[in-house]
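The sequence lines fix the lettering, A, B, ..., with proteins before strands; numbering per chain opens at 1. Predicted model only: the values in this text are computed from it and were never measured.
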2 protein chains.
Amino acid sequence: MADIAQQLGISRQLVSIVMRDAPGASAETRRRVRETADELGFAPHTGARTLRRTRSWTFGVVFVPSHPAEHEIVQSLYPLAAAHGYDVVLSAVTGTRGVQPAVDELLGHRCAAVLLIGSALDPAELEDLSGRVQIPLVAVGTAAGGTGHDVVRSDGRAGVAAGVEHLVSLGHREIAFVDLATMPAAALRRAGYEQTMQRHELGTDVVLASGHYTDDAYFEESGSEAAHTLLARDEPPTAVMVPNDGSAVTLLLTLARHGLQVPRDISLVGYDDIPAARLSAVELTTVRQDPELMARAAVDAAVRRIDHPESDPLESIVDTSLVLRGSCAALRTDG
Amino acid sequence: MADIAQQLGISRQLVSIVMRDAPGASAETRRRVRETADELGFAPHTGARTLRRTRSWTFGVVFVPSHPAEHEIVQSLYPLAAAHGYDVVLSAVTGTRGVQPAVDELLGHRCAAVLLIGSALDPAELEDLSGRVQIPLVAVGTAAGGTGHDVVRSDGRAGVAAGVEHLVSLGHREIAFVDLATMPAAALRRAGYEQTMQRHELGTDVVLASGHYTDDAYFEESGSEAAHTLLARDEPPTAVMVPNDGSAVTLLLTLARHGLQVPRDISLVGYDDIPAARLSAVELTTVRQDPELMARAAVDAAVRRIDHPESDPLESIVDTSLVLRGSCAALRTDG
DNA sequence: TTGTAAGCGTTATCAT
DNA sequence: ATGATAACGCTTACAA
């Protein structure tokens, strides 16, 4: 910055004013400063900036690179944060790098808030973390609950209910549900299935699948597992509600490789609306969790807690919508 | 840090020594400092640290969240960088955020080097970027070429050749190749196909597919496109070399949904060995680009250029290996 | 092993 | 509209 100031014969402070778009510099000065900054390949020193600034203008974002549903939220975060004047700094959770180191890195950057995307932490761990971290914490796409941190999630119960209702309205009565027990939001989604089935006086048919959330596979292997369970039966159900698109896609693939056509032989509803669900080879009818809305709710929550530290953490429930694609068909009546 | 020093009645510098694992503090002092740091929830201020340090100990990493092949490289980067004493800071390229802003963010963090993972930039753009950026630039998984920056890539020509050789050894003679023209490494991989086919005096059969690298779909839609081209033929080939796993998986899925079995009806070889290739529902035989090796080569290149700024940028070519899974079968002889 | 002093690049405050 | 000065939290070099 001093270089630019010297080259233009002005003070460093004036350059600073221009670089941070603060009032107090003429249009002509701004133009010239920007010009020489480009020439010199100058970028303001983020570290020095956060060091000196009275308050932090950075969101720390923890995410799991292998989870497709999180990418779109992360993508949406950048412009939304910028709209409030915040930068985003990313920290990845991987097989060899847990949530703790990821959060510590962000703390070192003196973030104003930490956003945990699709956290693998259960409510108790989250509660513990939000106690130790002294800045606002927003958990996105996690299970309900938590008094020390904000939560942004979709209404898994209502979302699944809508999916099941759709299948019922198509005439299906034998509707199975794949329970991904280790998924944070599993219980709520299962409740949505069970309630809807009971309301229609239909018997429930829960297919348990294993799989772990932080593994690379994002429950994709669970889809195969569930498919094999169904294929082993004499009379498979006519429809399946899968509370996770990753599993749904693999389920679809496994069925297809065993000669079962979707939706001709089995109708399928997923949850999330990940990019793969939109592929022409998949065309999955699914309960959409709008990533833009999730990101917006997360940013709003963070901003609120930063601006009003005394306010209580909130739980934002984002609406889901059923996206109708090609994976569901009306029940075939025999003959 | 001053808080810890005061609480323990020691100097700030001593705390600093402990926090950065520098020599000059007793074991007992270290223990007590660490303890109170945990109590107070203290994390060293990264900004202040980079500001004061003589040299930068940070790698900036540009990646595209939606590309599965990049995740594993990013994951490997953390421990490898740490082994050399470097931290990693991530910067995402998304639909609304190009390479330029991503790199600028990293420059603001005063990284010692920038690693571009699977860059969408062509050699000319890379050259331009490495001219403007005044720190070492390492392009991973890009096309060959470039004098101003290091390149880490697999030998696409040899990799594809190995895949095609495998198909030939299984008796296949009608082997198609899907050309993902907009993929940076496309030309080299196509050359490997053409050379191998010519060596065996077999006719080439190139199926063109569109798709764009920075799109979310990672060439997955291209797989469907290619599948439909093949399905429309009277006599589809008996084997297909697909130079990208994302496309290969979708190709497989599309074929399965149209009643063509892999490997019974068509054998398939992919490229990359993304996690999805390993799913039991996929079992794709593929040319593996070892992400750990790629990451290692990238880190080595960065360290070398940082420690020896005068040395010329190098091109590291990482070996590929053919991973045999279930997507290839010997050619069925009629009758 | 511990303490002292200086300074990294920026922004906030005050003065012109 | 512009400039001078101090301070942010840390590391480095050197002294004790």
Side-chain angles (χ1 to χ4, degrees), chain A residues 1-34 36-37 40-58 85-87 89 104-112 134-135, chain B residues 1-34 36-37 40-58 85-87 89 104-112 134-135:
Chain A
M1 230 159 82
D3 291 349
I4 299 176
Q6 191 173 12
Q7 181 154 338
L8 292 176
I10 60 178
S11 70
R12 299 193 326 258
Q13 300 71 356
L14 194 46
V15 178
S16 167
I17 284 171
V18 175
M19 294 311 290
R20 63 193 141 98
D21 285 317
S26 66
E28 173 61 11
T29 307
R30 287 183 198 280
R31 199 192 54 73
R32 290 174 59 207
V33 168
R34 294 253 171 241
T36 41
L40 269 50
F42 168 83
H45 192 307
T46 314
R49 178 172 279 190
T50 61
L51 182 58
R52 191 58 185 89
R53 274 209 226 270
T54 30
R55 57 174 285 198
S56 166
W57 290 97
T58 307
Y86 286 88
D87 283 333
V89 51
D104 284 344
E105 181 199 339
L106 297 176
L107 259 29
H109 286 294
R110 293 296 182 272
C111 298
Q134 289 155 24
I135 54 176
Chain B
M1 228 158 84
D3 291 350
I4 298 176
Q6 192 173 10
Q7 181 155 336
L8 292 175
I10 60 177
S11 69
R12 299 192 328 256
Q13 298 70 2
L14 191 47
V15 179
S16 166
I17 283 172
V18 175
M19 294 311 290
R20 64 194 141 97
D21 285 316
S26 66
E28 172 61 10
T29 308
R30 285 182 199 281
R31 198 192 56 71
R32 290 174 58 207
V33 168
R34 294 251 172 242
T36 40
L40 269 49
F42 169 83
H45 192 307
T46 314
R49 178 172 276 189
T50 61
L51 184 58
R52 190 56 183 84
R53 273 212 228 270
T54 314
R55 53 173 287 199
S56 165
W57 291 98
T58 307
Y86 286 89
D87 283 332
V89 50
D104 284 344
E105 181 199 340
L106 297 176
L107 259 30
H109 287 293
R110 293 297 183 269
C111 297
Q134 289 155 24
I135 55 177

request  = Identify, with sequence neighbours excluded, every residue that meets ring-ring contact (aromatic ring centres under 6.0 Å, His included) alongside B:Tyr86.
outcome  = B:Trp57, B:Phe59
message = Applying salt bridge (Lys or Arg N to Asp or Glu O under 4.0 Å) as the test, list every pair that has at least one member in residues 23-33 of chain B; sequence neighbours left out.
response = B:Glu28-B:Arg31, B:Arg31-B:Glu35
ask   = With sequence neighbours excluded, what pairs up with A:Leu51 under the side chain to side chain contact (heavy atoms under 4.5 Å, CB included) test?
value = B:His45, B:Ala48, B:Leu51
A:Arg30 CZ - D:dA1 C1' separation (whole Å) = 10 Å
message = With each end axis built from five pairs of C1' atoms, what bend angle do you get for the helix from C:dT1-D:dA16 to C:dT16-D:dA1? Round to 10°.
response = 20°
key: By side-chain hydrogen bond (donor to acceptor under 3.5 Å, both in side chains) - contacts of B:Ser56 (at least two apart)   = none
remark   = Quick tally for nucleotides 2-9 of chain D: nucleotides whose base has a protein heavy atom under 4.0 Å get B, sugar-phosphate-only ones S, the rest -, giving BBBBBBBB
ask   = Can you list the residues that meet the side chain to side chain contact (heavy atoms under 4.5 Å, CB included) rule with B:Gln134, with sequence neighbours excluded?
value = none
key: Contacts of B:Arg20 that satisfy side-chain hydrogen bond (donor to acceptor under 3.5 Å, both in side chains) - sequence neighbours left out   = B:Ser16
remark   = The side-chain hydrogen bond (donor to acceptor under 3.5 Å, both in side chains) partners of A:Thr29 (sequence neighbours excluded) come to A:Ser26
Minimum side-chain heavy-atom gap B:Arg110-B:Thr50 below 4.5 Å = no
note = With sequence neighbours left out, the residues meeting side-chain hydrogen bond (donor to acceptor under 3.5 Å, both in side chains) with A:Arg34 are A:Asp21
query = Reckon B:Thr50 touches a base, only the sugar-phosphate, or nothing at all at heavy-atom distances under 4.0 Å?
reply = nothing
inquiry  = With a 4.0 Å limit, can you tell me whether B:Ser16 has a side-chain N or O closer than that to the phosphate oxygens OP1/OP2 of D:dC10?
reply    = no
ask   = Between which nucleotides of DNA chain C, 5' to 3', does chain A make heavy-atom contacts below 4.0 Å?
value = C:dG9 to C:dA12
Sequence neighbours excluded and cut-off under 3.5 Å, please list the side-chain donor-acceptor pairs for residues 3-13 of chain A, or say none.
from    : atom 1 : to      : atom 2 : distance (Å)
A:Ser11 : OG     : A:Gln13 : OE1    : 3.2
A:Ser11 : OG     : A:Leu14 : N      : 3.4

